[in-house]
**Student:** 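One structure coming up, written as structure tokens, with questions to follow.
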Amino acid sequence: MVTARVLPMGERAFLVEAGSLDDVLALHAALAASRPPGVVDLVPAARTVLVRVDPRRLALAAAHAWARAAVSSAEATNMTHGPLVELDTVYDGADLDETAALLGLTAGELVRRHGDAEWRVAFTGFAPGFGYLVSDDWPFDVPRLASPRTRVPSGAVGLAGTFSGAYPRETPGGWRLIGTTTAALFDPDAASPALLAPGTRVRFRAIARAPRAVVAAGGPVREPAPAEADAHRGDRPNGGGSAPNRPQFRRSPHLRDGPATPGAAHQHLPAAPGGGIRILEPGLLATLQDLGRAGAASVGVAVSGALDRSALRTAHRLVGNPEDATAIEVTMGGLRAIAERDAWVAVTGAWGPVRIAGREVDPYQAHAWPAGAELELGWFAHGARAYVAVRGGLDGPVVLGSRATDVLAGLGRPPLRAGDVVALLDGAREPIPVAPPGAWGAPHDDQLELELAPGPRADWFAPTALSSLFDAVWTVSNQADRVGARLDGPELVRARSGELASEGMVPGALQVPRNGRPTILLADGPVTGGYPVIAVMTDASLDLVAQARPGTRIRFRHARPRP
């Protein structure tokens, strides 16, 4: 019998905690089978399922009631097996011999046991398309490396704990590497982007030789083995026939309320005539951002999008764009750009000098930007991120329904560089307003007061930790970016000493590692994590954190109940 409890995760999400991984899989199937409109994401993990809700479509209390009803039906749910994917694998990993010795096996025996097992994807996370694979045929518990690698190559096959997995992209990691696969594990342009989605069955098929190197337009790549080449002929919607060991690409059920149905600003809008804007200097960091890509967390993809969504929306309203259009997010200032055609522009968010053709202009107003004129954002005196909206919107690759740049996962257009040209779209829907839409002023970045809603793991901490969380003045450290902001302050003492199994995360979650100093997860943060979450920031407070510079002081208070 599946037993579970519902744990809070802020204003827009909650965890449903089950007793075992098998219970989680049964619970996830029951939730997916009865999923109501307004449930944005269902993210299974080792012991929990994260449920993310759009409160405009489904009240959180109603979502709680639905989840509890699904728990009671989970035991009667027939566990369906997903499609079988076979991964051609060269067992050439750097840790193969050492891992075999740790398990009391020869390298050959380890390869045979790993290849004979039928694995299934229990959940995803860590990186887009990274599947945590489990198998009833695999009795081993493999210790992670004592010191994680700073670089694990794309395609590496590894072991950690009772899991196996394959890295979809180059990333740091502490798993023990036993082989390499050339399978395309994540294709953001496909209707079902993750090859290894939850529920998929997996077999590793040993091949005797490494694929030989060939040269392509983008540089040296590896030629796939013949069986693998056949398996991926259907990778794209127009890519030809299907393959027996690769599921057909179709609209993913995991993306039902998310990026499979992009908003008007993300449809194929016509390009505006006469060119775009050319970047002369990007400053510290300049990226394309919109309101992000909700609904893809179950395949390891973060929400991303603008950190200060209120400032982004305001910038677009000032130039008559839809609120979910794409703008440039500028971190700490320093952007310089040239208009290649006459345009209108507005700058919101962080406070600093804004000049067009050398003349200083006000933020939070729409200004004519003549062709050939230079727009310059000086270094910000207050706040950390400004938004440059151009009438019509900015173009960029649409990945899972969004043009947002995800710096952690490498999705969307890379950060802008000198010489880049960003095309303009013809997406304006309203006239330019005659007056700014509401009061505005410099962001308050010396001290912020932020609201915290309950988190799922407050019981992992001593009572003194909860007091310290709300009594102390915290400081944003130098370790702050689009992924997260680490805070300096008193140690939040744990009451439990064990390790927390990985579970779903949301932007605004306050994760607390063993050193007791919390980190606020932001839009590009990972979708799963293994540190307990003591509390979650409210939606409005999350926008304020976007403007927090290193050294900003923060005080927390309890969130007021919402009507």
**Student:** Do L110 and L96 come close enough that some side-chain heavy atom pair is under 4.5 Å?
**Tutor:**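 Contact flag for L110/L96 side chains = yes.
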
**Student:** Could you state the interatomic distance from CG (L288) to CD (E329), rounded to the nearest 0.5 Å?
**Tutor:** 10.5 Å

**Student:** Please check if the distance between the ring centroids of W66 and F14 is under 6.0 Å.
**Tutor:**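 That pair fails the under 6.0 Å test.
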
**Student:** Between F123 and F163, is the ring centre distance below 6.0 Å?
**Tutor:**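 So the answer is yes for these two rings.
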
**Student:** Grab the two heavy atoms, one from P415 and one from L285, that are nearest each other, plus how far apart they are.
**Tutor:**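 Where P415 meets L285 most closely, the heavy atoms are CB-CD1, 3.8 Å.
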
**Student:** Within the structure provided, determine whether R482 and T405 are in side-chain contact (heavy-atom separation under 4.5 Å).
**Tutor:** no

**Student:** Check this for me, if you would: do R47 and E17 make a salt bridge, where the nitrogen-to-carboxylate-oxygen distance has to be below 4.0 angstrom?
**Tutor:**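 Looking at E17 together with R47, the answer is no, because their closest N to O distance does not fall below 4.0 Å.
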
**Student:** Determine whether M537 and L452 satisfy the following criterion, side chain to side chain contact (heavy atoms under 4.5 Å, CB included), listing intermediate values before the conclusion.
**Tutor:** CA-CA 4 Å; M537 273 191 297; L452 292 180; 3.5 Å; yes

**Student:** Is the closest side-chain heavy-atom distance between R176 and R144 below 4.5 Å?
**Tutor:**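 No; the side chains remain at least 4.5 Å from each other.
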
**Student:** When you measure from the side chain of T48 to the backbone of A45, do you find a donor-acceptor pair of N or O atoms at a distance under 3.5 Å?
**Tutor:** no

**Student:** For S502, is there any backbone N or O sitting under 3.5 Å from a side-chain donor or acceptor partner on Y531?
**Tutor:**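 No.
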
**Student:** Within the 4.5 Å heavy-atom criterion, are I534 and P518 side-chain neighbours or not?
**Tutor:** no

**Student:** Where the side chain of T287 meets the backbone of I328, is there a donor-acceptor pair that is under 3.5 Å apart?
**Tutor:** no

**Student:** If only atom types and distance count, is the side chain of T124 paired as donor or acceptor with the main-chain N or O of S298 below 3.5 Å?
**Tutor:** yes

**Student:** May I ask you to test the V152-W175 pair for a side-chain heavy-atom distance under 4.5 Å?
**Tutor:**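 Answer no - side chains too far apart.
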
**Student:** Given side chain to side chain contact (heavy atoms under 4.5 Å, CB included), test L469 with L510 step by step and report yes or no.
**Tutor:** CA-CA 10 Å; L469 180 63; L510 264 70; 3.9 Å; yes

**Student:** Is D22 salt-bridged to R120, cutoff N-O under 4.0 Å?
**Tutor:** yes

**Student:** Any side-chain to backbone donor/acceptor pair from Q547 onto R385? Under 3.5 Å, distance only.
**Tutor:**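 A pair under 3.5 Å: yes.
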
**Student:** Taking the side chain as C-beta and beyond, is there a heavy-atom pair between I554 and Q447 under 4.5 Å?
**Tutor:** no

**Student:** Which pair of heavy atoms, one from V399 and one from G412, lies closest together, and at what distance?
**Tutor:** CG2-N, 3.8 Å

**Student:** Evaluate the criterion side chain to side chain donor-acceptor pair (under 3.5 Å) for residue pair S304 and D524; output intermediate values, then yes/no.
**Tutor:** CA-CA 5 Å; S304 197; D524 287 0; 2.7 Å; yes

**Student:** Would you check if T171 and F130 make a side-chain contact, meaning some heavy-atom pair closer than 4.5 Å?
**Tutor:**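 No, side chains not in contact.
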
**Student:** Judged by atom type as modelled, is there a donor-acceptor pair below 3.5 Å linking the side chain of R293 to the main-chain atoms of A404?
**Tutor:**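 Yes, because the side chain of R293 sits within donor-acceptor range (under 3.5 Å) of the backbone of A404.
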
**Student:** Going by heavy atoms in the side chains, are S164 and L159 under 4.5 Å from each other?
**Tutor:** yes

**Student:** Counting heavy atoms not belonging to F461, are there more than 12 under 6.0 Å from its CZ?
**Tutor:** yes

**Student:** Has D290 got a side-chain atom pairing as donor or acceptor with D324's backbone, closer than 3.5 angstrom?
**Tutor:**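 Flag not set: sc D290 to bb D324 has no pair under 3.5 Å.
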
**Student:** How are the rings of Y167 and F126 set to each other: parallel, tilted or perpendicular (split at 30° and 60°)?
**Tutor:**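 Ring orientation of Y167 relative to F126: perpendicular.
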
**Student:** Is any NZ, NE, NH1 or NH2 atom of the basic residue among D95 and R149 found under 4.0 Å from an Asp or Glu carboxylate oxygen of the other?
**Tutor:**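 A salt bridge links D95 with R149.
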
**Student:** Could you check R169 against F186 for side chain to side chain contact (heavy atoms under 4.5 Å, CB included), going step by step and ending with a plain yes or no?
**Tutor:** CA-CA 9 Å; R169 65 189 300 262; F186 187 78; over 6 Å; no

**Student:** Is the count of non-hydrogen atoms from other residues, nucleotides or ligands lying under 6.0 Å from R56 atom CZ greater than 12?
**Tutor:**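 No - once you tally the heavy atoms of other residues, nucleotides and ligands closer than 6.0 Å, there are 12 at most.
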
**Student:** Is it the case that over 12 heavy atoms from other parts of the model lie below 6.0 angstrom from the CZ atom of R486?
**Tutor:**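 Open: at most 12 neighbouring heavy atoms sit under 6.0 Å from CZ of R486.
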
**Student:** Kindly assign one of parallel, tilted or perpendicular to the pair H114 and W138, based on the angle between their ring planes and the thresholds 30° and 60°.
**Tutor:**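 Geometry flag for W138 against H114: perpendicular rings.
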
**Student:** Side chain to side chain contact (heavy atoms under 4.5 Å, CB included) between L27 and V71: does it pass, once the steps are laid out?
**Tutor:** CA-CA 6 Å; L27 176 61; V71 169; 3.7 Å; yes

**Student:** Tell me the closest heavy-atom pair linking G489 and R517, and the distance in Å.
**Tutor:** O-NE, 3.0 Å

**Student:** Can any side-chain N or O of T475 pair as donor or acceptor with the backbone N or O of R553 at less than 3.5 Å?
**Tutor:**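 Such a contact is absent between T475 side chain and R553 backbone.
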
**Student:** Is N515 atom CG crowded by more than 12 heavy atoms from other residues, nucleotides or ligands, each under 6.0 Å away?
**Tutor:** yes

**Student:** Checking R549 side chain against G383 main chain: does a donor-acceptor pair fall under 3.5 Å?
**Tutor:**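 Answer holds: yes.
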
**Student:** Side chain of E11, backbone of D539: donor and acceptor closer than 3.5 Å?
**Tutor:** yes

